[in-house]
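To start, the structure itself, in structure tokens.
Heavy-atom basis, side chains included; hydrogens, waters and symmetry copies ignored. Letters go in sequence order (proteins before strands), and every chain restarts at 1.
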Number of protein chains: 2
Amino acid sequence: MDKSNGQSDRTTVKTSAERGETTRAAILEAAADLIAEMGWGGVSTRAIAERAGVPHGAVSYHFRGKGELLREAALAAIDTLFTEPLPALDNATVDDVIAAAAQWYVQGLTERRQALVVEVMMACTRDEKLRDRFAELLDQYRTMLADVIRAEQERGSIAADIDATALASALIAALDGMLLHTLAAPGYDGARAADALNALVYQRGTR
Amino acid sequence: MDKSNGQSDRTTVKTSAERGETTRAAILEAAADLIAEMGWGGVSTRAIAERAGVPHGAVSYHFRGKGELLREAALAAIDTLFTEPLPALDNATVDDVIAAAAQWYVQGLTERRQALVVEVMMACTRDEKLRDRFAELLDQYRTMLADVIRAEQERGSIAADIDATALASALIAALDGMLLHTLAAPGYDGARAADALNALVYQRGTR
DNA sequence: ATTCGACTTGTCCACATGGACAACTTATGC
DNA sequence: GCATAAGTTGTCCATGTGGACAAGTCGAAT
């Protein structure tokens, strides 16, 4: 992750520790890829190893088991996936958030990395450890969105009599739902749904 | 499905055809259960057979393969799952739909049958046949919701300058997203999010 | 130079999986 | 009655699976 050398290719010889870190990272990334591609339950450690370009035994060495590997890979991937497209949410508006999300869906339709998000949420249903750790992440994002909403309510662009936290919950759900439909149905027009959502949010504010 | 006898127990002897239909139905129901429980990729034909109370070989006999079985089971289950809680949408309001959905989520949190919906949507990502057939269903529901919205717009309870179809898309996504979060995060307050959604939809209408 | 420890690699195993199928039971049409 | 077709059941097999592990490689510390 945070190595200071330019070379990161697995074949480039470095210290043991560095080499280890590199293959470990490769395995994690391959795992995240495959979760999105095949679904949480459709991933095999062998497929992960193959995609990462390492022998199957390397997985056993670096991770305690499949569950731990998937959890770690998924949470790391989601964190970067969420942080990357929303770099500065400080002065953002709900409008920005919705737009960023919508654009992210469209842009990412070719690579299907976003499916990871839904896969993780469904996996949370069956994996308590994952659920606990993901809940933290989620709460964090919900709180951030609620703050954005409150700021806009003070500015008057969003009706003040709507509970900001509840609205944040509804909006996050709506965005994830749009992601879900975008992934599942080829004909789903996410951008148009996003516009409708925008219209709902701002219809009574002083634009 | 449409048998006229009261007895439907598998052990009760009936005609060959009836017995066949019964075990077939048992397999389908077990399959739908297990998809919701274990995830699309986590289901095995053996587990299905065990849950249905039939020997493993029965699955091979009644279905061409695992994929066909899962598809058929999932689509049938979803159809009843959607139709059942919304019996008469004819004179319904958006309010009704949101309320019904929210209540459905809470009620169903113990049995986790709703997870099936999300599992199917994710499976659509990887199964073209399933995607095509599910898209029809989805389109049907979206159209119905759009009609409800238009009716309310004529009555004036929903702002008329919002595109009904787009709003329907956004609302369905929001509801599915709320389902997703309700399933994944134990602390998620779906009812409150539903209220916020309601407030958004009706905030400018003449209640 | 030698030892040491971290990482790698290939192989092994016990087990689950999906699917096929032959041998059976049993209602139904003749 | 009896042949027949539909449904059932147990068993078999090739393949995939997760995990373990011993032998090997190689740089680092002494």
Side-chain donor/acceptor of B:Glu68 to backbone N/O of B:Phe63, under 3.5 Å
no
So, is A:Thr45 near the phosphate of D:dG18, with a side-chain N or O under 4.0 Å from OP1 or OP2?
yes
Mind calculating the distance between CH2 (B:Trp40) and P (C:dT17) to the nearest angstrom?
17 Å
Of the listed nucleotides C:dG19, C:dT8, D:dA6, the one nearest the side chain of B:Tyr61
D:dA6
Interatomic distance where CD1 belongs to A:Ile27 and C1' belongs to D:dG19 [whole Å]
14 Å
Any idea which of C:dT17, C:dT9, D:dG18 is nearest the A:Arg46 side chain?
D:dG18
Between A:Ala32 and A:Ala77 the two heavy atoms that sit nearest each other are CB-CB, 3.7 Å
Can you tell me the distance, in whole Å, between the CD atom of B:Glu50 and the C1' atom of D:dG10?
16 Å
A:His56 side-chain proximity, nearest of C:dC7, C:dG19, D:dG18:
D:dG18
Taking the side chain of A:Pro55 as heavy atoms from C-beta outward, which of D:dT17, C:dA20, C:dT9 is closest to it?
C:dT9
What is the distance from CE of B:Met38 to P of C:dA16, rounded to the nearest Å?
13 Å
Out of D:dT8, C:dT9, C:dG19, minimum distance to the side chain of A:Ala58 belongs to C:dT9
Could you check whether B:Ser44 gets within reach of a base, just the sugar-phosphate, or nothing at all, counting any heavy atom under 4.0 Å?
sugar-phosphate
Can you tell me how far P of C:dA27 sits from CD of B:Glu21, to the nearest Å?
18 Å
Any salt bridge between A:Glu136 and A:Arg131, counting N to O under 4.0 Å?
no
From C-beta outward on A:His62, which listed nucleotide comes closest to its side chain: C:dC7, D:dC12, D:dG18?
C:dC7
In whole angstroms, how far is the P atom of D:dT17 from the CG atom of A:Leu70?
13 Å
For the pair made of CD in B:Glu68 and P in C:dG18, what is the distance, rounded to whole Å?
15 Å
Taking only N and O in the side chain of B:Thr23, is any of them less than 4.0 Å away from OP1 or OP2 of D:dT8?
yes
Please give me the minimum heavy-atom distance between A:Glu152 and A:Asp95, naming the atom from each residue.
OE2-N, 4.2 Å
Checking B:Arg113, B:Arg51, B:Arg112 against B:Glu37 for salt bridge (Lys or Arg N to Asp or Glu O under 4.0 Å), the one that qualifies is B:Arg51
Rounded to the Å, how far apart are A:Phe63 CZ and C:dT8 P?
11 Å
